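First the structure, in the form of C-alpha cells, and then the observations on it.
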There are 2 protein chains.
Amino acid sequence: MANTLRAIPLSTVERLSIYLRTLRESLVEGMDFISSTEIGKRNDFTAAQVRKDLSCFGNFGIKGTGYQISELINTLETILGLDREWKVAIFGLGKLGGALACYKGLKSARFNVVAIFDVDPKKVDKTYKNIPVYHSDMLKKVVREKKIQIAIIAVPTDSAKATIQRIIDAGIKGILNFTEARVPYPDEYILKNVNLAGELESISYYLIHSDL
Amino acid sequence: MANTLRAIPLSTVERLSIYLRTLRESLVEGMDFISSTEIGKRNDFTAAQVRKDLSCFGNFGIKGTGYQISELINTLETILGLDREWKVAIFGLGKLGGALACYKGLKSARFNVVAIFDVDPKKVDKTYKNIPVYHSDMLKKVVREKKIQIAIIAVPTDSAKATIQRIIDAGIKGILNFTEARVPYPDEYILKNVNLAGELESISYYLIHSDL
DNA sequence: TCCTGTGAAGTTCTTCACAGCC
DNA sequence: GGCTGTGAAGAACTTCACAGGA
C-alpha cells in the first residue's frame, strides 16, 4: 500500500536516486518498460528490494509487465522533490568549491547555484562562471534575498565549524558538508557529510582485510 | 573478546574513521583519556555503539577510566591500514580531479597521489602540482611500475564506464568513483561510489517531506 | 564511583515466497 | 509465463542493562 511519508529509511531514499538514474538510462536506450529484476541487475540490488522500495510510495508497476519508464521517472522526480528548482549556495571558492560550482550534474538536476561565499577580498564581489561571489559577512542578507535552501560547504577545515554554525543560524535547512567538521544541528535540518578521507580509509581497511 | 576480521559491517568501519578524527582532535585539545560517552557525544552516536564497534577488534579501554587516546589512535590507524603508504592514481584531470589532487587530507592520511591519467594531449606528459600526468593508454604500464593500489575516478560521465572497466582489468582493487557510472566488479575488489547528485536528491527529499 | 565489555533484547532493514493480475 | 505487491521470515544492526574491574 502506499503513500505515507512516515519512516522511509534513508537507504531507500538513496536507492530511489539510483533507480531514477537507471530509468533515465534505459529510456535513452529506447526501452518503454523495465522490470524490478532489470533495475536490480543494473545496480546490484535484489528485485525484491527494488519492489519494496517503490511500494513505499504507491503501486506503480503492472503485473506481468513491469514499470512504465517515463511515468516512473516523473513519479520519482516528484517524490524526490526534483519537480521544483532548488536554490543552492556554495561556501568556499577554493579548488573544490570551484569544481562543484561548475558541476554539470547539479544544474541538470534542478539544483541551481545562485551564490558563492568566500572571505578572500580577491574573490569577493566578482562573479565566478556567472555566479555572484559574496563575502561571508553577507550571508544572512543574501540568503534571505535569494531564498537559498541548500548549502554546500567546501571551506578550509579550520573555519568549517563556524561556517556551518552560521549557516544553521541563517536557517538553511539542507546542508551538504565536504569538510571534516561535525556540528550538532536541529532535528528539522538535514545535514549530510561527504568524507573523502573516510571513504579512502574504509577502502584501505577492506584492501588489507580481504584475505583471499 | 577480540580480533577477528570476520564480518565487520561497513558502517562500523566508517565509524572507526570518525572515531579516529575525534581522537586526534581531543589529543590536540590536550586530553589523555576519553570515554565512549564523550566520543559518542561529539559525533551523535550512543556510547554503546562506540564500545561495541571498538570491541570488534579488541579490548582497548580501561574500566572506570576510558580509552588512552594516543594508544587508541595507533590502534585504529593499524586497523584501518593507515600504518603504510597507499599509492593512489587520479583518473581525469578536470576541475574535480585537480581539486582532489591538491586535497591536503589525502597526503596527511598516507594516501599518496603518484599519478594522474587523462586523454587530453594538452595535459598529458606534463606534471600537475608535481604529480606526473600520463595518457590513459599508459594505464597498465604505469600501474605496474608504480604499484598503484587505489584509483579515484573523476572522468566525464560518458567515458566513466570504460575507464572503470580498464582499471578493474588492470588489477587495481580499491576504487573510489565520483561518477554516476555503475560497473559490476569482482568480489575481492572494493568499489565505493560518491554520488553528489544523489546526496542532494536525498536532501531535497527530506526537505519536502519533513512536514512540521 | 565511573566506565568498559557484552549477552540479551529490541529494532530496523532485507529477502523469501506466493497470491493475484497481465 | 512473467512480474508486481506484500505479509512473514530472516538477517543485520543498535541499544539496553548489568557484571565486573579500575
Side-chain angles (χ1 to χ4, degrees), chain A residues 1-19 22-23 26 31-69 71-73 75-76 79 202 205-206, chain B residues 1-19 22-23 26 31-69 71-73 75-76 79 202 205-206:
Chain A
M1 246 137 293
N3 197 238
T4 160
L5 39 114
R6 246 3 57 228
I8 306 294
L10 174 60
S11 44
T12 292
V13 176
E14 291 181 337
R15 282 191 298 267
L16 292 187
S17 281
I18 296 174
Y19 303 157
T22 301
L23 292 165
S26 50
M31 296 166 65
D32 282 337
F33 287 85
I34 192 168
S35 67
S36 57
T37 311
E38 178 63 20
I39 297 176
K41 197 180 297 170
R42 294 189 185 207
N43 297 288
D44 207 26
F45 301 129
T46 65
Q49 177 84 83
V50 175
R51 294 200 299 277
K52 195 74 146 197
D53 285 340
L54 293 174
S55 75
C56 291
F57 298 95
N59 296 4
F60 307 128
I62 299 167
K63 300 185 185 194
T65 306
Y67 301 89
Q68 213 269 309
I69 293 173
E71 206 171 271
L72 188 53
I73 288 175
T75 305
L76 290 186
I79 290 171
S202 35
Y205 173 87
Y206 284 107
Chain B
M1 243 138 294
N3 195 232
T4 161
L5 40 112
R6 249 356 63 222
I8 306 293
L10 174 61
S11 43
T12 292
V13 176
E14 290 181 337
R15 282 191 299 265
L16 292 187
S17 281
I18 296 174
Y19 302 158
T22 301
L23 292 165
S26 50
M31 296 167 65
D32 282 336
F33 287 85
I34 191 168
S35 67
S36 57
T37 310
E38 178 63 21
I39 296 175
K41 198 180 295 171
R42 294 190 184 207
N43 297 288
D44 207 24
F45 301 130
T46 66
Q49 177 85 81
V50 175
R51 294 199 298 276
K52 195 70 144 202
D53 285 339
L54 293 174
S55 75
C56 292
F57 298 96
N59 295 5
F60 307 127
I62 299 167
K63 300 187 183 193
T65 306
Y67 301 88
Q68 212 270 310
I69 293 173
E71 206 172 88
L72 188 53
I73 289 175
T75 305
L76 290 186
I79 292 170
S202 34
Y205 173 87
Y206 283 106

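To find a chain, count down the sequence lines: A is the first, B the second, and so on, and within it residues start at 1. This one's a predicted model, so the numbers in the text were calculated from it and none came from an experiment.
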Which whole-number value in Å describes the distance from [X] [atom1] to [N] [atom2]?
X	N	atom1	atom2	result
A:K63	D:dT6	NZ	P	8 Å
A:F57	D:dG5	CZ	C1'	15 Å
B:L54	C:dC3	CG	P	16 Å
B:I62	C:dT1	CD1	P	21 Å
A:D44	C:dT14	CG	C1'	14 Å
A:L10	C:dT11	CG	P	21 Å
A:K52	C:dT14	NZ	P	11 Å

Determine whether the side chains of A:R51 and A:S36 contain a donor N or O and an acceptor N or O closer than 3.5 Å.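 Judged by distance alone, the side chains do pair up.
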
Under 4.0 angstrom, heavy atoms only, what part of the nucleic acid is A:S36 near: base, sugar-phosphate, or nothing?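 If one applies the 4.0 Å heavy-atom cut-off, A:S36 turns out to touch the sugar-phosphate alone, with no base involved.
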
Give one of base, sugar-phosphate or nothing for A:G64, where a contact means two heavy atoms less than 4.0 Å apart.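 Base contact - A:G64 has a heavy atom under 4.0 Å of at least one base atom.
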
I want to verify a distance call: between D:dT14, D:dA17, D:dG2, whose nearest atom is closest to the B:A48 side chain?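 Selected nucleotide: D:dA17.
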
Nearest to the side chain of B:S11, which nucleotide is it out of D:dT4, D:dC13, C:dT4?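 So the nucleotide nearest the side chain must be D:dC13.
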
